[in-house]
Amino acid sequence: MQTQLLQADAPGAIQTAAAILQNGGLVGIPTETVYGLAANALDGAAVAKIFAAKGRPMDNPLIVHISHFEQIYDLVREVPEAAKKLAEQFWPGPLTIILPKSARIPDEVSAGLDTVAVRFPSHPVARAVIDAAGVPLAAPSGNLSGHPSPTTAAHVMNDMDGRIEAVLDGGPCSVGVESTVVTLAEQPPRLLRPGGITLEQLRGVLGQVEMDDAVLHPLADGKCAASPGMKYKHYSPKANVIILDGSLEHYIDYVNTHAGDGVAALCYDGEDKALQVPSICYGGEEDCGEQARELFDALRELDEQLHAKTVYARCPEPEGVGLAVYNRLIRAAGFEVIDVG
Ligand code: AMP
Ligand code: MG
C-alpha cells in the first residue's frame with residue numbers, strides 16, 4: 001500500500017483524510033498528546049486493521065476520540081456528574097475518561113471489556129478530521145507496538161509507511177506524552193496512566209482519586225491489568241535503557257566510568273558537556289513539560305543517530321507532569337533502575 005503524506009493545511013487534505021476514514025481506512029493524525037492511528041470507531045472491521053498495522057495485541061483496547069461533548073452520550077451507558085465536571089475543566093484536552101460502554105461500541109474497540117475510553121482532543125486538526133468524518137475515531141498511538149509513541153508525522157511515516165492509507169502532518173505535538181487515563185467505572189476514581197493532566201489536577205476536581213500500582217511499578221505476575229496497555233514493555237528503543245537514580249555528580253561519575261563501545265547517555269540540557277559518551281538531551285532538569293515533549297523523539301534518536309546499545313538515563317522527578325515522564329521512561333527501561341546515590 002502507498003501511504004500518502006498530507007499537509008494538514010493544504011486545500012482538501014482534511015476531506016481526503018475523512019473520506020479514507022469513512023471508507024474503512026486508516027489515517028495517522030496529529031493530536032496535542034502524540035500522533036494517533038485513527039479508524040471509524042463504529043466500524044469493527046476498520047478498527048481491526050489498526051491492530052494489524054501496529055502489531056498490537058487484540059486485548060489492548062483503544063481510545064475513542066470525539067469533537068463535541070454531546071457525542072459521549074452515544075458511546076457510554078450513562079454520563080455521571082464526575083465526568084461532566086472533568087469535561088468542564090479539562091476538555092478539550094489531554095484527558096481520557098473510562099466509563100461503562102454503550103451497545104454502539106464494537107468489541108474490537110473495547111477489547112471485549114465492558115468499558116470504553118473516551119477523549120475530546122484539543123488539537124484543531126484532530127477536531128477537524130473527526131468533524132469531517134462525521135463519526136468518532138478510535139485511535140491508539142501511531143507507532144508499531146512497543147516502539148516509542150510518535151510526536152511528529154515523520155515518526156509515524158517511519159513506523160507505518162506502506163501499512164496505512166495516509167498520514168496528516170500537523171506539526172510536532174505540544175504535550176508529547178499520551179493522555180492521562182482515569183477510570184470512573186469504579187469508585188473511587190483511579191488514575192491508570194499519568195499524562196498532561198496531573199493527578200493533583202484530577203484531585204482538585206474529584207476529591208479522592210487513587211493511583212493504580214502499575215503507574216510506578218511493574219505488574220505483579222498473574223495480576224490482571226485494569227488498563228491492558230500496562231502489561232506490555234512499552235515505549236522502547238532497541239537500545240537497553242537503564243535509569244540511574246541519584247545526584248547529577250554521581251550520574252556523571254557512573255556514566256564516565258562505564259563509558260565504552262555503544263554506551264550513550266539520555267540526560268538533561270547542558271549535562272552532556274560533562275559526559276564522555278555520546279548523549280541526547282531531553283529538556284531542562286526543572287522543566288518536565290519540555291521533558292514530556294522531547295522524550296519520545298530522544299528515544300528514537302538514540303537508535304537512529306547514535307546506534308546506542310546501552311543508554312544511561314537521568315531519573316525524572318515523579319511529580320506533576322514529571323510523573324508521566326517517569327512512567328514512560330521506566331517502561332522504556334523495562335523497570336531497570338540503578339541507585340547511584
Ligand atoms: P495508546 O494505545 O498508546 O493510545 O493507549 C491507549 C491506552 O488506553 C492503553 O493503555 C489502553 O489499555 C487504555 N484503555 C483504552 N480503553 C480502556 C478501557 N476500556 N479500560 C482501561 N484502559 C483502557
Ligand atoms: Mg501506544
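The figures that follow rest on heavy atoms only: side chains count, while hydrogens, waters and symmetry mates do not. Every number for a ligand or one of its atoms is a count from 1 in the order of the listing. Please read these numbers as outputs of a predicted model, since none were measured by experiment. Throughout, numbering of the chain's residues begins at 1 and tracks the sequence.
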Item checked: Hphob cluster co-occupancy, Val182 + Val116, side-chain heavy atoms under 4.5 angstrom -> yes
Note to self: Side chain or backbone, does Glu178 bring an N or O within less than 3.5 Å of an N or O on ligand 1?
What the structure shows: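 The answer is no, given that Glu178 and ligand 1 share no N or O pair closer than 3.5 Å.
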Next item on the list: Return a yes/no value for Ser141: is any of its N or O atoms, backbone included, closer than 3.5 angstrom to an N or O of ligand 1?
Entry: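 Among all N and O atoms of Ser141, at least one is under 3.5 Å from an N or O of ligand 1.
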Atom indices of ligand 1, in the order listed, that fall short of 4.0 Å to a heavy atom of [X]:
| X | answer |
| --- | --- |
| Pro61 | 11 (C), 12 (O), 14 (N), 15 (C), 16 (N), 17 (C), 18 (C), 23 (C) |
| Ile63 | 6 (C), 8 (O) |
| Leu113 | 18 (C), 19 (N), 20 (N) |
| Thr115 | 18 (C), 19 (N), 20 (N) |
| Ala117 | 15 (C), 16 (N), 17 (C) |

Note to self: Show me the pairs that pass salt bridge (charged side-chain N to carboxylate O under 4.0 Å, His left out) and involve residues 108-129, at least two apart or across chains.
What the structure shows: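 Found Glu32-Arg119, Arg77-Asp114.
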Is any side-chain heavy atom of [X] less than 4.5 Å from a side-chain heavy atom of [Y]?
| X | Y | value |
| --- | --- | --- |
| Asp131 | His68 | yes |
| Phe296 | Pro150 | no |
| Leu299 | Arg328 | no |

Below 4.0 Å, non-hydrogen atoms only: which portion of [X] touches ligand 1? Side chain, backbone, both or neither.
| X | result |
| --- | --- |
| Asn60 | side chain |
| Lys101 | neither |
| Ile98 | side chain |

Margin query: Any carboxylate oxygen within less than 4.0 angstrom of a Lys/Arg side-chain nitrogen, looking at Asp159 and Arg300?
Written below: yes
Checklist line | Pairing of Asp213 and Arg190 as salt bridge, 4.0 angstrom limit | finding: no
Distance-only donor-acceptor check, side chains [X] and [Y], under 3.5 Å:
| X | Y | answer |
| --- | --- | --- |
| Thr96 | Ser179 | yes |
| His155 | Asp297 | yes |
| Gln4 | Thr16 | no |

Note to self: Please compare Arg119, Arg193, Lys54, Arg190 and report which has the shortest non-hydrogen distance to atom 5 (O) of ligand 1.
What the structure shows: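 Heavy atom nearest to atom 5 (O) of ligand 1 belongs to Arg193.
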Next item on the list: Identify the heavy atoms of Ala239 and Ala308 that sit nearest to each other, and give their distance.
Entry: CB-O, 3.3 Å
Note to self: Tell me how many protein N, O or S atoms are within a distance shorter than 2.8 Å of the Mg ion (ligand 2).
What the structure shows: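 The number of such protein atoms is 1.
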